[in-house]
2 protein chains.
Amino acid sequence: MATRTGATGKQRAARAEPSKKPDYAREAWALLTRLFKAEKGKHLAALELTMPQAQLLLNLDPDRPVPMNTLADTLGCDASNVTGLVDRLESRRLIERRADPADRRVKMIAVTGSGAEFRTKLLARWYEPPAGIAALPDRDKKILLQILRRAAEGATDQL
Amino acid sequence: MATRTGATGKQRAARAEPSKKPDYAREAWALLTRLFKAEKGKHLAALELTMPQAQLLLNLDPDRPVPMNTLADTLGCDASNVTGLVDRLESRRLIERRADPADRRVKMIAVTGSGAEFRTKLLARWYEPPAGIAALPDRDKKILLQILRRAAEGATDQL
DNA sequence: TATTGTTATACTCTATAACTATA
DNA sequence: TATAGTTATAGAGTATAACAATA
């Protein structure tokens with residue numbers, strides 16, 4: 001949105017043809033886009049996880065097993081898909097299938113002891129800000145968060 | 001997140017054990033992490049592209065074909081992988097293989113006419129900031145970018 | 001009948017190794 | 001011999017459809 005072909009306010013010259021005005025938000029987002037790719041990739045490689053496996057693990061509560069179909073909903077994928085993801089994570093002893101006494105069709109996914117430990121490491125890394133951001137003065141970090149929170153409020157259910 | 005076991009005013013006490021102090025950068029990054037997943041997913045679905053296909057397309061210059069092996073380097077994947085990606089994109093007539101007169105082993109990947117058009121749409125979407133950020137007052141956007149640029153400078157080659 | 005999880009099947013992405021055709 | 005691209009193969013992610021067990 002906001003093409004604003006008029007060309008008026010700030011930008012003095014630079015009214016060649018498309019009359020591009022500086023798009024701060026777009027540039028910021030482009031910057032972040034590149035960062036994300038690199039950061040998440042590093043974490044996944046370090047922990048030998050794939051993105052879907054990490055998502056599954058992050059969406060588990062070590063204290064409360066969840067049915068596989070709930071997991072499929074949470075991850076936004078088909079149930080048949082969850083079977084495979086759980087298979088692989090279970091083979092690493094990070095999670096395990098448990099019976100549900102209330103409904104014998106259901107299998108509850110629980111985080112194992114070592115899985116909980118592993119998940120803690122994952123969680124610590126996953127939201128760790130990139131070096132450049134972590135190195136910002138506290139004041140900047142605070143402003144950054146304030147602005148993003150404002151953005152989150154503004155969008156109905158964006159964040 | 002943020003268990004804040006201490007339970008006090010601002011901070012002051014709260015020196016239970018982990019003594020968690022508010023981590024602005026971490027919270028900001030967590031916020032952004034969720035946003036990215038949703039945003040990029042939307043774009044890819046809308047254009048019927050997979051992430052690697054989008055990356056390939058974005059890394060092409062419509063005005064200058066590149067050898068496949070260069071593409072493999074750029075994408076950071078194996079050459080055998082590029083073969084398949086190019087196959088699928090070529091079957092959609094978005095790109096095409098061309099001979100290199102200088103070296104008959106090489107195949108140059110060029111963007112087709114409709115491919116260039118398609119890529120323009122992709123590019124427009126790809127770095128489009130989320131609604132919440134786009135809706136921020138211009139002043140906030142500007143500050144956001146300034147801070148991120150500072151972060152980019154700070155990190156040797158982070159961004 | 002409806003639901004939960006699995007299996008069968010079919011794509012895509014990914015890497016490694018082997019192969020072709022060039023250099 | 002070395003390099004560019006392909007093919008063969010294998011494992012992971014994904015969805016759809018069919019199926020078994022259980023509600």
Side-chain angles (χ1 to χ4, degrees), chain A residues 37-38 40-60 65-110 122, chain B residues 37-38 40-60 65-110 122:
Chain A
K37 193 175 179 323
K40 301 307 184 190
K42 269 195 305 188
H43 301 324
L44 293 174
L47 297 172
E48 294 184 278
L49 285 176
T50 63
M51 179 67 85
Q53 287 170 5
Q55 293 296 337
L56 192 159
L57 236 27
L58 289 170
N59 279 297
L60 283 180
V66 300
M68 289 182 68
N69 79 75
T70 299
L71 221 36
D73 285 347
T74 308
L75 298 175
C77 71
D78 192 82
S80 64
N81 200 346
V82 176
T83 297
L85 292 174
V86 167
D87 281 349
R88 289 178 278 277
L89 254 14
E90 191 172 34
S91 77
R92 284 174 68 176
R93 314 280 175 165
L94 298 176
I95 62 176
E96 61 186 20
R97 275 175 247 239
R98 289 186 192 163
D100 177 359
D103 187 337
R104 292 171 54 191
R105 290 173 306 180
V106 171
K107 284 174 188 156
M108 307 290 283
I109 303 306
L122 168 60
Chain B
K37 193 174 178 328
K40 301 307 183 189
K42 269 195 304 187
H43 300 325
L44 293 174
L47 297 172
E48 293 185 280
L49 285 176
T50 63
M51 179 67 84
Q53 287 169 6
Q55 292 297 336
L56 192 158
L57 235 28
L58 289 170
N59 278 297
L60 284 180
V66 299
M68 289 181 69
N69 79 73
T70 299
L71 221 37
D73 286 345
T74 308
L75 298 175
C77 72
D78 192 83
S80 64
N81 201 347
V82 176
T83 297
L85 292 174
V86 167
D87 281 348
R88 289 178 279 277
L89 254 16
E90 191 172 33
S91 77
R92 284 175 68 176
R93 313 281 174 164
L94 299 175
I95 61 176
E96 61 185 21
R97 277 175 246 238
R98 289 186 191 164
D100 176 359
D103 187 337
R104 292 170 54 190
R105 291 173 304 179
V106 172
K107 283 172 189 157
M108 308 290 283
I109 303 306
L122 167 60

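If you measure from atom CD of E48(B) to atom P of dT12(C), you get 12 Å, rounded to the nearest angstrom. In this entry the distance linking CG of L71(B) with P of dT6(D) reads 11 Å, nearest Å. Rounded to whole Å, atom P of dG5(C) lies 8 Å from atom NZ of K107(A). Rounded to whole Å, atom C1' of dT14(D) lies 14 Å from atom CG of L44(B).
Residues of residues 77-102 of chain A having a heavy atom closer than 4.0 Å to DNA chain C, listed by number: A79(A), S80(A), T83(A), R97(A).
For R105(A) and dT3(C), a side-chain-to-base donor-acceptor distance below 3.5 Å is present, hydrogens and geometry of angles not being considered.
For the pair E90(B) (side chain) and R97(B) (backbone), a donor-acceptor distance under 3.5 Å is present.
The side-chain hydrogen bond (donor to acceptor under 3.5 Å, both in side chains) test applied to S80(B) returns D78(B), not counting sequence neighbours.
The two residues P67(B) and V106(B) come nearest to each other via the heavy atoms CB-CG1, 3.8 Å. In plain terms, the two heavy atoms of M51(A) and K40(A) that are nearest each other are CE-CB, 4.4 Å.
OP1 or OP2 of dG13(D) has not a single side-chain nitrogen or oxygen of Q55(A) nearer than 4.0 Å. The side chain of N69(A) places no N or O atom within less than 4.0 Å of a non-bridging phosphate oxygen (OP1 or OP2) of dT3(C).
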